[in-house]
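Predicted model only: the values in this text are computed from it and were never measured. Remember, it's 1-based here, ligands and their atoms both numbered in the order they're listed.
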Amino acid sequence: MTMKERTLLLIKPDAVQRGLIGDVITRFEHKGFKIVGMKMLHMGKELSKEHYAHLVSKPFYPDLEKFMTSQPIVAVVIEGKDAVEVTRLIVGPTNASKAPGGTVRGDFSNSTSRNVIHASDSKETAVKEIGRFFRPNELFEYELNDAFLYASDE
Ligand code: IDP
Ligand code: MG
């Protein structure tokens, strides 16, 4: 069943440092998703431990936390048809070295740990993760339309 959904993206420090914020967001706009929330923030250690709770016991966690808290990130909520599943397809597999061309990770990274972007992995996770990064009044309801293209310049 197709559904209007929201999901969370995090543009990771490597992408921010490399000047890829716009390129990454463009992929989702061109696919037809609507941006309904967006902010730059510094992820603290506590937030990292909460966000990556499923990975805290892994040997690579200390490096992941150091990386994710090292520089600002950009959090984006997008909305559209089957947003969670379709977004994961656009993002590509975790190991960017193996990610197909055409995916964000396949096109912009060659690393598992510095893989440009996070995307929620299920509808339930998406709801939790959006609530972790955004207050309700930081998310917006609006219609996309082309009326501005016809605005009078007089
Ligand atoms: P995902 O980002 O594709 O959902 P997760 O398994 O949830 O993948 O892992 C979260 C993040 O942790 C990855 O995007 C990557 O940055 C990092 N990570 C996952 N597995 C490894 C690993 O084996 N080595 C180093 N970093 C990893
Ligand atoms: Mg994940």
With a cut-off of under 6.0 Å to the ring centre and 45° to the axis, is Lys12 in cation-pi contact with Phe67? no
Would you tell me which option among Arg105, His54, Arg88 has the nearest heavy-atom contact to atom 4 (O) of ligand 1? Arg88
Residue part near ligand 1, for His51, under 4.0 Å between non-hydrogen atoms: neither
Do Val127 and Phe133 sit in the same hydrophobic cluster, where Ile, Leu, Val, Met, Phe, Trp and Tyr count as joined when their side-chain heavy atoms come under 4.5 Å apart? no
For ligand 1, find out whether one of its N or O atoms is nearer than 3.5 Å to an N or O atom of Asn115. yes
Residue, atom and distance of the protein heavy atom nearest atom 15 (C) of ligand 1 read Thr112 O, 3.3 Å
Is the NZ atom of Lys45 crowded by more than 12 outside heavy atoms at less than 6.0 Å? no
Looking only at heavy atoms of Met68, does any of them come nearer than 4.0 Å to an atom of ligand 1? no
Tell me which part of Asp121 gets within contact of ligand 1: side chain, backbone, both or neither, using heavy atoms under 4.0 Å. neither
What part of Phe67, side chain, backbone, both or neither, has a heavy atom within less than 4.0 angstrom of ligand 1? neither
May I ask you to identify the nearest protein heavy atom to atom 20 (N) of ligand 1, giving residue, atom name and distance to one decimal place in Å? Phe60 CZ, 3.2 Å
Thr87 side chain to Val84 backbone, donor-acceptor under 3.5 Å: no
Should we count NE2 of His54 as having more than 12 external heavy atoms under 6.0 Å? yes
Of the side chain and backbone of Arg114, name the one, both, or neither that has a heavy atom under 4.0 Å from an atom of ligand 1. neither
Salt-bridge criterion met for Glu46 and Lys49 (N-O under 4.0 Å): no
Identify whether the distance between the nearest side-chain nitrogen and carboxylate oxygen of Asp82 and Lys4 falls below 4.0 Å. no
Distance filter under 4.0 Å to Leu64 heavy atoms, resulting ligand 1 atoms: 12 (O), 16 (O), 17 (C)
Take atom CD of Glu79 as the centre, draw a 6.0 Å sphere, and report whether it contains more than 12 heavy atoms from other residues, nucleotides or ligands. yes
Nearest to atom 8 (O) of ligand 1, what protein heavy atom do you find, and at what distance? Thr94 OG1, 3.2 Å
Mind checking whether Leu55 contacts ligand 1 via backbone (N, CA, C, O), side chain (CB onward), both or neither, at a 4.0 Å heavy-atom cut-off? side chain
Considering only the protein, which heavy-atom contact is closest to atom 16 (O) of ligand 1, and what is its distance? Lys12 NZ, 3.1 Å
Can you tell me if CG on Asn137 sees more than 12 non-hydrogen neighbours from other groups inside 6.0 Å? yes
